[in-house]
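Right, one structure below, let's go through it.
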There are 2 protein chains.
Amino acid sequence: MNSLVEENYLKALFSLSNGDGEVNVNDLSKHLEIKMPTVTSMMKKLAAKKLVHYKSYKPLRLTARGRKEAALVIRKHRLTEMFLVEKMGFGWEQVHEIAEQIEHIKSPIFFSKMDELLDYPKFDPHGSPIPDINGKITGKAYRKLSECNEGDTVKMAAVINTSDEFLKFLNSREIHLGLKIKINSVEPFDHTMVVSYENHLSESLSHMVCERLLVEKE
Amino acid sequence: MNSLVEENYLKALFSLSNGDGEVNVNDLSKHLEIKMPTVTSMMKKLAAKKLVHYKSYKPLRLTARGRKEAALVIRKHRLTEMFLVEKMGFGWEQVHEIAEQIEHIKSPIFFSKMDELLDYPKFDPHGSPIPDINGKITGKAYRKLSECNEGDTVKMAAVINTSDEFLKFLNSREIHLGLKIKINSVEPFDHTMVVSYENHLSESLSHMVCERLLVEKE
DNA sequence: TAATTTTGTTAGAACACTCTAACTTATTAG
DNA sequence: CTAATAAGTTAGAGTGTTCTAACAAAATTA
């Protein structure tokens, strides 16, 4: 069983891993706001636990086990964020801090219940994929339509808040997964977007709607 | 801000306080499963923080502030238990362990949201009163009807799980707050209770129902 | 009341996690 | 390629929480 502190190191290593999975002590130190010598000694500890490959003066890499354990913490974080937004009515900007704490709760049943109540969600309210119970990540990260810019062409990937009303709304506008959407303009005042797709040449989408549509950039 | 560990000491002191509010180091030590010298030194620390009155070889007492802070942790614990049972569908026997962890979450908004979603409950699923946001405890502790014995006469005090269906059920049996109920017999097999009250001389109440009725002993 | 037991304290050490200061290795810039 | 800079490590110390061993005070019992 890893401590709360170890979990935070694992999570940071995971999210700083780029293509080759290598992380510098220095970057990790800055990300965690923990001084380098402290990081070094923790890396030796995690190496002893077979969670990190550590060689002096070489970049850090998570082991397969380390990667899995990190992903499981991230799973708990993202499930929690989704739960806070969907089931408790928090705004997506409020949930990160709370999830940072709840992700360390030791109770498999607590998180499996969340998962069930949320109907096994595949991504969190920010569009990031939720690792499965084995720590495997299938989906890729999406971005919210509201975060895209004028002129972008994007593809509908997923939807947050699948309430009946919202789905009916999407239906009425013929918005569906896979749909290619072009952003014609963004109203600076209220962030309403004017978009076009298929035979809808000028459809207005409120900020609230754009916050709930997850897209891929072309 | 108190640490998780300090919060656990405060909570233990609170719940071990009897009428005069005095607690022995030894009892505290046993309750927390922490050795006496450790408890002594923590008491000195809490005394320095004005949370405990400490005199060598004398019983411990919480200060007014200590009592308040303890009550606020207990508030978070009981709110959490209620949330887990009412909103997440856990059994009341599953929730204690999870609540022991969640009670230490630092996020006022998280707990005020729970409180709101639960419609400001006054007691937890075990019948214990939930302290208010100022740490004041108004209600007294109730016990579940299911925990009472054959021959007991009890008074209806409160109801857990106020779903429409359950309230309709209670209505149909003319069960209401303040009602005096006599337990005639308890079925050993499934814990069904046969009770009498007012002009109902032999009413059968399933274990599920008895778990949700909180009563005072006469 | 005196002896014994129980309760509580002091002293000293250990573990997890953090730091600063000083040193070493690797990288970058002339 | 050497000098300067950046990145990483080692050593030693501090804080928070825990322990065991030894001692002191209080309560109990004979």
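Heavy atoms only: backbone and side chains are in, while hydrogens, waters and symmetry mates are out. Just so you know, these numbers come straight off a predicted model, no measurement behind them. The chains referred to below are lettered A, B, ... by the order of the sequence lines, with proteins before strands, and numbering in each begins at 1.
If you take NZ of A:K49 and P of C:dA16, they are 9 Å apart, rounded to a whole angstrom. The distance from atom CG of A:L28 to atom C1' of D:dA7 is 13 Å, rounded to the nearest whole Å. What separates CE of B:M43 from P of C:dT9 is a distance of 10 Å, to the nearest Å. D:dA11 atom C1' lies 18 Å from atom NZ of A:K35, rounded to whole Å. Atom CG of B:L4 is separated from atom C1' of C:dA16 by 15 Å (rounded to the nearest Å). Distance CG (B:N24) to C1' (C:dT9): 15 Å, rounded to an integer number of Å. Regarding A:L46, its CG atom lies at a distance of 13 Å from the C1' atom of C:dA16, rounded to whole Å. Note: CG (B:D27) to C1' (C:dG8) measures 12 Å, nearest angstrom.
Residue B:P37 has its side chain nearest to D:dA21 when only D:dT18, D:dG8, D:dA21 are considered. Residue B:M42 places its side chain closer to D:dT18 than to any other of D:dT9, C:dT10, D:dT18. Looking at the side chain of A:M36, the nearest of the listed nucleotides C:dG8, D:dT9, D:dC19 is D:dT9. Closest to the side chain of B:K44, from the set C:dT9, C:dT10, C:dT18, is C:dT10. Counting only heavy atoms from C-beta on, B:K30 has its side chain closest to C:dT7 among D:dA7, C:dG8, C:dT7.
The 12-atom threshold is exceeded at NZ of A:K49, counting heavy atoms of other residues, nucleotides or ligands nearer than 6.0 Å.
Ring geometry, A:F90 versus B:F110: the interplanar angle falls under 30°, so the pair is classed parallel (tilted spans 30 to 60°).
For C:dC23, neither phosphate oxygen OP1 nor OP2 lies less than 4.0 angstrom from any side-chain nitrogen or oxygen of A:Y57. The phosphate of D:dG8 has neither OP1 nor OP2 within less than 4.0 Å of any side-chain N or O from A:T40. A:Y54 has a side-chain polar atom (N or O) that falls below the 4.0 Å cut-off from OP1 or OP2 of D:dT9.
At a threshold of 4.0 angstrom between heavy atoms, the contacts of B:T38 include nucleobase atoms, whether or not backbone atoms are also involved.
For the residue pair A:E150 / A:S185, no side-chain donor-acceptor distance below 3.5 Å is found, with atom types taken as modelled. For the residue pair A:E100 / A:H96, a side-chain donor-acceptor distance below 3.5 Å is found, with atom types taken as modelled.
Nearer the 5' end of DNA chain C, as judged by each residue's closest nucleotide, is the contact made by B:N26, out of B:N26 and A:E6. Positionally, the nearest nucleotide of DNA chain D for A:S56 lies more toward the 5' end than for the other of B:V5 and A:S56.
A side chain to side chain contact (heavy atoms under 4.5 Å, CB included) with B:L13 is found for one member of B:H31, B:M43, B:R67 and no other, namely B:M43.
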